[in-house]
Chemist: 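Quick one: the structure is below, and I'll ask about it shortly.
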Amino acid sequence: MQDVWINGTAMAQTGRHYGLNADEMAARVLEEALKDAGYPEIEALFVASATAEQADKQQMLGAYIASRLGLDKIATYRVENADGSGGAALMAAAMAVRSGLYNCVGVVGVDKPNDVLSNQQQDIYSTATDAVYERYFGVTPAAQAAIMAKIYLAKYEYKYEDLALWPVLMHKNGASNPYAYMRKQAKVEDVLESELVSDPLRLYDVGPMADGAAAVVLCNKKGAAKLLGMWTSTSAIPFNNRPDYDVLYSAREAAERAYRMAGITPRDVATAEVHDSYSIFGVLAAEALGLAPRGGLLAALKSGADLKVNLSGGLKSRGNVMGATGVYQAVEVVWQLMGKSPFKRVDGSIGVVHSMGGVDKVSTVMVLGL
Amino acid sequence: MKVGIVSWGAYIPKYRIRTEDIAATWGDDPQRIIDIYLVYEKSVEGYDEDAVTIATEAARRALRRGNVDPKKIGAVYSGTESKPYAVKPISSILIDALGLPNNVFAVDMEFACKAASDGIVAITGLVESGRIEYGLAVGTDTSQGEPGEHLDYSASSGGVAYVIGKDGVAAEFEAIYTYNSDTPDFWRREGSPYPMHGEGFTGEPAYFRHVVGAAKGVMEKYGYKVSDFAYAIFHQPNGRFPMRAATILGFPPEKVKPGIVVTHIGNTYNASALMGLARVLEQAKPGDKILLVTFGSGAGSNAFVLNVTDAVLERQKADVPKVDEMLADKIYVDYATYLKNRKMIKLFE
Amino acid sequence: MEHESVPLYWRNIPAYYRLVAKRCKKCGEVYYPPVVKCTKCGSAELEDYQLPHEGELVEFTVLRSVPTDFLKQKPLVIGLVKLGPVKVLGQIVDAMPEKLKPGQRMEVVFRRVVVDGKYGLVMYGYKFRPRP
Ligand SMILES: [Zn+2]
């Protein structure tokens, strides 16, 4: 079995890239990552995208991205796990290198949700719910997140104001990230005064949809960071019959297995990027990664703990780049470990990525180390 | 045992609009409108309701009230003049919505507001002949009226369903009689969103001639007199017509009023007189005789003589919403919401 | 013109119209959505199971950012309702959200869910409302 290293990284500023086609946007950022890696010969390209068909009417995006760069004859794969596609593509790419089949592969995540109207974004996001038993009836991930937030807040006797600390922290972190979509600080009052999206969740609890592309190059030779552990886990329990609504089963299982593979404990984690498409998921993901006890993350935030989580600003501030999210997170964690601008070097050598598709349907956790 | 009503179910949508709110929009004097029609408020369907959903609710309640196994239903006939589809039956949707067997006669019937009662007549025949054990007759409408036109004050939404059979009959059909003719008092052309009507012509030559004709016909042919009946129920396009029909026939007001629901929900068309019957069955005593006369424009009336049996007491105890409870359970909407719920605002489609 | 898939709708009619779930013949576990194999005892012998028409509200939210099919029905009240052995997620109608309370009695109703434009199919299904 081969070691897997991250040799090259790149990401685009998130936002509204009205002037770029999806394949073009992905190709540009992949080119940067290849350059960063010193132009190794890549044998395969793994493309993460959640919206390519629905927003951009394109399947087999990998083949078209390869065309833009003249990457003839390589293998291309499109990997889709809704907004968790990034983690899934990284996982697939890492397995391919680890197995020894390929020496070097590219992973690029791209999505352009702003190519469609806001209600169409809801249509697309809803396809991550059960098409027959949820989506048909108008259920969206936001509604499910809201129900989980209500149950979590009641169970641990928090007020909504406590949950508002999450978006405040995200805006604080994202304010200094030039790649982020929402780069301004927010106060608790801003959160409390924002419009309700699905009670108790308000506009500030929702990661705004943003166009984005990020890429990494994975090789079996030493690079900037090493992949120490990785695991993907699904939660097969339908939303309507979850025993508990205050936990992310998929994240908990993936973290446990990835940590075990890496031989680390939560104490070793110097930085983590988690999938906070809704603030409640940030809280639950951080707890699933062991950064706080179950039900304890908001208490930690209230007591002013210095949590090294989503230094990028997370989905709330960086933006919800859908299927590209996991790749962004990997780039961000590597840069945070390296101290590469705009990030300051974190106090430690281990970083964790949590990428999630849908509402606790599939999570990938990766442990990266210098 | 005679064929009769085994069970019944009614459904009135929760929303109401007041006559004064309609009048305020169109510059009418609300008091004058109320004086003419005796309709104070009318039922309005929810945005996600139509004649199919209303029929389903009423039919489910009818099956539940009588604890009737849906698999024993051999015919489902829906009377309506507000089909969501011009072509595609309500009755076939009811088969799957209610869990009826596939070996069930199913068709939608149209004779303005009278069709549901023709469903009862047809099912009665099928049960009498022994071809089916039980049948389900449904009256359902989200009836139309041009905004601002007088129908706007009465055309409303509601549904009823009757399980007809021989076993467990709560009200036997002792006699049935019909009176029909070509009388163009009210019509809606194919593709037209709203009906047209002949104003005063809907009265004497249409409603009264047919209602009174059918009532007199059934009484004369089968030998009943007014004093035999504890209740008389007439089709109710407004609050005045049934009272006047009663006067013409010699029924005292106290025998007619229990069967009048139009004053607070408007004219539910195919569910109109049959909603009145549901209300009466919810208070009748064994041995009571009921005269029921339906009416449909175009025009015709069916008259039924019912004899209430002991089984009615058990049906009255069932845990199914009563008409009176539904009359009281309401949310008022404004005229804009009314137009929205009735899909009368032009939207992108 | 894009149209909804008719077979997709049609084959789900038992669930959409009548809330038909699956029950394991061996151990009695009830599944909604249905499973192909009992996840508790492994048996592949499953039978149709009719969920009750009344239940209890578990939790709900008022969703204001809705998909295209529901743009004219904002806000949607989305709730979890306990129906016998399972919970079901769906729309709550005929209710004032400020008056809804977890634990209250709910009934299943039959409503329009999606209307496929002016000429397409009218698609029905279950929703919930407070038991009057
Ligand atoms: Zn089993």
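In the text below, chain A, chain B and the rest are named by the order of the sequence lines, each starting its count at 1.
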Chemist: Is any side-chain heavy atom of A:Ile147 closer than 4.5 Å to one of C:Leu89?
Modeler: yes
Chemist: Is a side-chain donor or acceptor of C:Lys87 paired with a backbone partner of A:Arg242 at a separation under 3.5 angstrom?
Modeler: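 Pair found, side chain donor or acceptor close to backbone of A:Arg242.
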Chemist: How close do A:Gln120 and C:Thr68 get, heavy atom to heavy atom, and via which atoms?
Modeler: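 Smallest heavy-atom distance, with atoms named: N-OG1, 4.1 Å.
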Chemist: Is it true that atom NZ of C:Lys74 has more than 12 heavy atoms of other residues, nucleotides or ligands lying nearer than 6.0 Å?
Modeler: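 Check fails, neighbour count at 12 or below.
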Chemist: Which bit of A:Gln144 is near chain C, if near means a heavy-atom gap under 4.5 Å: side chain, backbone, both or neither?
Modeler: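 The answer is the side chain of A:Gln144.
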Chemist: Is the backbone of C:Val86 close enough, under 3.5 Å, to the side chain of A:Asn241 for a donor and an acceptor to pair up by distance?
Modeler: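 It does not hold such a pair.
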Chemist: What part of C:Leu71 is in contact with chain A, defined as an atom under 4.5 angstrom from a non-hydrogen atom: side chain, backbone, both or neither?
Modeler: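 Contact with chain A is through the side chain of C:Leu71 alone.
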Chemist: Less than 4.5 Å apart, side chain to side chain, heavy atoms only: is that true for C:Pro33 and A:Asp130?
Modeler: yes
Chemist: Should the heavy atoms of other residues, nucleotides or ligands under 6.0 Å from CD of C:Glu45 be counted, would the total exceed 12?
Modeler: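 Not buried by this count: 12 neighbours or fewer within 6.0 Å.
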Chemist: Does C:Val62 offer a backbone N or O that forms a donor-acceptor pair with the side chain of A:Asp199 under 3.5 Å?
Modeler: yes
Chemist: Where do C:Thr61 and A:Ala146 come nearest, in terms of heavy atoms and distance?
Modeler: OG1-CB, 3.3 Å
Chemist: Using a 4.5 Å cut-off on heavy atoms from C-beta on, say whether the side chain of C:Val88 contacts that of A:Tyr133.
Modeler: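 In short, these two side chains do not touch, never coming nearer than 4.5 Å.
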Chemist: Quick check on C:Leu63 against chain A: is it the side chain, the backbone, both or neither that has a heavy atom closer than 4.5 Å?
Modeler: both
Chemist: Counting neighbours of CD on C:Gln50 that are heavy atoms of other residues, nucleotides or ligands and sit closer than 6.0 Å, is the number greater than 12?
Modeler: yes
Chemist: Would you indicate whether C:Glu98, at its atom CD, is surrounded by more than 12 heavy atoms from other residues, nucleotides or ligands within a distance under 6.0 Å?
Modeler: yes
Chemist: If you define the side chain from C-beta out and look only at heavy atoms, does anything of A:Val132 sit under 4.5 Å from C:Leu8?
Modeler: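 Yes, their side chains come closer than 4.5 Å.
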Chemist: Classify the ring geometry between A:Tyr136 and C:Tyr9 as parallel (under 30°), tilted (30 to 60°) or perpendicular (over 60°).
Modeler: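 Correct class here is tilted.
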Chemist: Got A:Asn240 and C:Leu80 here, is their nearest side-chain heavy-atom distance under 4.5 Å?
Modeler: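 Yes; the side chains approach each other to less than 4.5 Å.
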Chemist: Mind checking the CZ-CZ spacing from A:Arg202 to C:Arg64? Nearest 0.5 Å is all I need.
Modeler: 9.0 Å
Chemist: Are C:Ser65 and A:Thr140 close enough that some pair of their side-chain heavy atoms sits under 4.5 Å apart?
Modeler: no
Chemist: Can you tell me which of C:Gly125, C:Ala15, C:Pro67 forms the most heavy-atom pairs within a distance under 4.5 Å of chain A?
Modeler: C:Pro67
Chemist: Using only atom types and a distance under 3.5 Å, with no angle test, would you say the side chain of C:Gln91 pairs donor to acceptor with the backbone of A:Phe137?
Modeler: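 Yes, the answer is positive, given that a donor and an acceptor are paired below the 3.5 Å cut-off.
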